[in-house]
Amino acid sequence: MLQQTTIAAVRDYFEKFTRLWPTVHELAAAPLDDVLARWAGLGYYARARNLHACAQAVVSRHDGVFPSTAADLRELPGIGDYTSAAIAAICHDEPVAVVDGNVDRVMARFLALENPVRDEKPLVRSRVQEAVPRRAGDFAQAMMDLGATICAPRRANCLVCPLEPQCLGTRTGNPLAYPVPPAKKAKPERFGHAYVIVHPDGSIFVRQRGPKGLLAKMTEVPGSDWTANGQPPAFPLSARWTEAGTVVHTFTHFRLTLTVWTASASTPLDEGWWSAPDSLTSEAFPSLFRKVLATAGALPIP
DNA sequence: AACACGGGGAC
DNA sequence: GTCCCAGTGTT
């Protein structure tokens, strides 16, 4: 959950997940759709699918017990270089380099890297690896906490930093110049339409998104493709359609503006289901579609 | 190596 | 508005 996501955003989700599925066996046995529904709103939904696949792999390949080494952990779904090293170091004191975003920043400053740290991964990893002491887990957490509290994104606090005597960044006089940001490109704009069909009994017609790509397998309301040019709406059924407003949502790599349309109808579309008002909040809606439903007046403003 | 992949909190 | 978060998987 904490991959690219702050503790503040994760905390409530973590509490609910561990209460609902306290063991790897229970998580492995849970339907994926339930896991996705509980993940809804947290983003990066591949993590939820990986978490579920990881639990199943631990049960099927490892008899329900997590492997102990970074190399073996690295084979599990959703466990990459960082997470495998963090588990091995913190749980078992394996002497491996644990490099998260905090450590990237600390090392970019410590080494005064002139290139974006993304392009210096091998160097950073090897320099951290050389420094790993006997208490590898404590070292890993110390480095991450140093980045989180002292060598922070907008403040370096060099006066209280234990690495200051050997830090090249502070020696340049402007440690905040590091890490050098990668050249960023503008976010494209996309546009589309969302169709909120309200049944006379108050339920909303929803469906599941496709198995791949953005927001895969999450719940949505019917809508158009999201293209760069604004197209007129193509309503999915004949009814009295009303424009309820627009929703603007920023994804990682583009900005989307959806026009929200509502109509009353009782005929379902090909694929999907009617979701009653009571069940609407437990559907696997990403934040985008929560905004759409709020704009349509079908959900309280989140 | 570059890109796809969400959402929110802090400033 | 911008930046960045205890990154991973795919191409």
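By convention in this document, chain letters (A, B, ...) are assigned in the order of the sequence lines, proteins followed by strands, and residues within each chain are numbered from 1.
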Examine distances only and state if a side-chain atom of A:Ser279 and a backbone atom of A:Ser275 form a donor-acceptor pair shorter than 3.5 Å. no
Quick one: does any side-chain atom of A:His92 pair with a main-chain N or O of A:Glu94 as donor and acceptor, under 3.5 Å? no
Ring centroid separation A:Trp261 to A:Phe235 under 6.0 Å: yes
So what does A:Leu42 touch, heavy atoms closer than 4.0 Å: a base, only the sugar-phosphate, or nothing? base
Go through residues 79-89 of chain A and report each residue with a non-hydrogen atom lying under 4.0 Å from DNA chain C, sorted by number. A:Ile79, A:Gly80, A:Asp81, A:Tyr82, A:Thr83
What does the list of N/O pairs under 3.5 Å between the protein and nucleotides 3-5 of chain C look like, with a distance for each?
unit_1	atom_1	unit_2	atom_2	d
C:dC5	OP1	A:Arg105	NH1	2.5

C1' spacing across the pair B:dG9 / C:dT8, given as an integer number of angstrom: 23 Å
A:Asp145 has an atom CG; how far is it from atom P of C:dA6, in whole Å? 10 Å
Sidechain-backbone polar pair: A:Gln208 side chain, A:Thr219 backbone, donor-acceptor under 3.5 Å: no
Result for 5'-nearest mapping on DNA chain B, choosing between A:Arg118 and A:Tyr45, is A:Arg118
For atom CZ of A:Arg11 and atom P of B:dG7, their distance in whole Å: 21 Å
Considering only residues two or more places apart or on different chains, which pairs with a residue in residues 4-36 of chain A satisfy ring-ring contact (aromatic ring centres under 6.0 Å, His included)? A:Phe17-A:Trp21, A:Phe17-A:Trp39
Which of A:Leu32, A:Leu36, A:Asp34 passes side chain to side chain contact (heavy atoms under 4.5 Å, CB included) with A:His52? Answer is A:Leu32
So, does A:His199 use its side chain to make a donor-acceptor pair with the main chain of A:Ala276 at under 3.5 Å? no
Atom-pair distance (CG on A:Leu214; P on B:dG7), nearest Å: 8 Å
Does the distance from a Lys or Arg side-chain N to an Asp or Glu carboxylate O, for A:Arg207 and A:Glu271, drop under 4.0 Å? no
Length of the line joining A:Lys187:NZ and B:dC5:C1', which is rounded to integer Å: 11 Å
Rounded distance (nearest 0.5 Å) linking atom CG of A:Asp145 with atom SG of A:Cys151: 13.0 Å
Classify the nucleic acid contact of A:Gly147 as base, sugar-phosphate or nothing, counting any heavy atom under 4.0 Å across all strands shown. nothing
Under 4.0 Å from any atom of DNA chain B, heavy atoms only: list the residues of residues 244-259 of chain A that qualify, in numerical order. A:His249, A:Phe251, A:Thr252, A:His253
Touch check for A:Lys185, heavy atoms < 4.0 angstrom, all strands: base, sugar-phosphate only, or nothing? sugar-phosphate
A:Asn50 atom CG is separated from B:dA4 atom P, nearest whole Å, by 18 Å
For A:Arg47, check side chain to side chain donor-acceptor pair (under 3.5 Å) against everything at least two apart and list the hits. A:Thr5
Spell out, as yes or no, whether a donor-acceptor pair under 3.5 Å connects the side chain of A:Asp93 to the backbone of A:Gly137. yes
Please give the distance between the C1' atoms of B:dG6 and C:dC3 as a whole number of Å. 15 Å
Take atom CE of A:Met1 and atom P of B:dG7, then tell me their distance rounded to the nearest Å. 15 Å
For A:His193, does its backbone N or O pair with a side-chain atom of A:Ser224 as donor and acceptor, under 3.5 Å? yes
note: A:Phe285, atom CZ; B:dG6, atom P; distance rounded to Å ~ 17 Å
Round to the nearest Å and state the distance from A:Asp104 atom CG to C:dG7 atom C1'. 10 Å
C1' atoms of B:dC5 and C:dC4, separation to the nearest Å: 15 Å
For A:Glu15, does its backbone N or O pair with a side-chain atom of A:Thr18 as donor and acceptor, under 3.5 Å? yes
Assign each of A:Ala8 and A:Ala216 to its nearest nucleotide of DNA chain B by heavy atoms, then name whichever residue's nucleotide is nearer the 5' end. A:Ala216
Candidates A:Arg105, A:Glu114, A:Arg109 - the one meeting side-chain hydrogen bond (donor to acceptor under 3.5 Å, both in side chains) with A:Tyr178: A:Glu114
Hey, can you pull the residues of residues 17-37 of chain A with a non-hydrogen atom under 4.0 angstrom from DNA chain C? none
Counting the benzene-type ring for Trp, do A:His249 and A:Phe251 have ring centres under 6.0 Å apart? yes
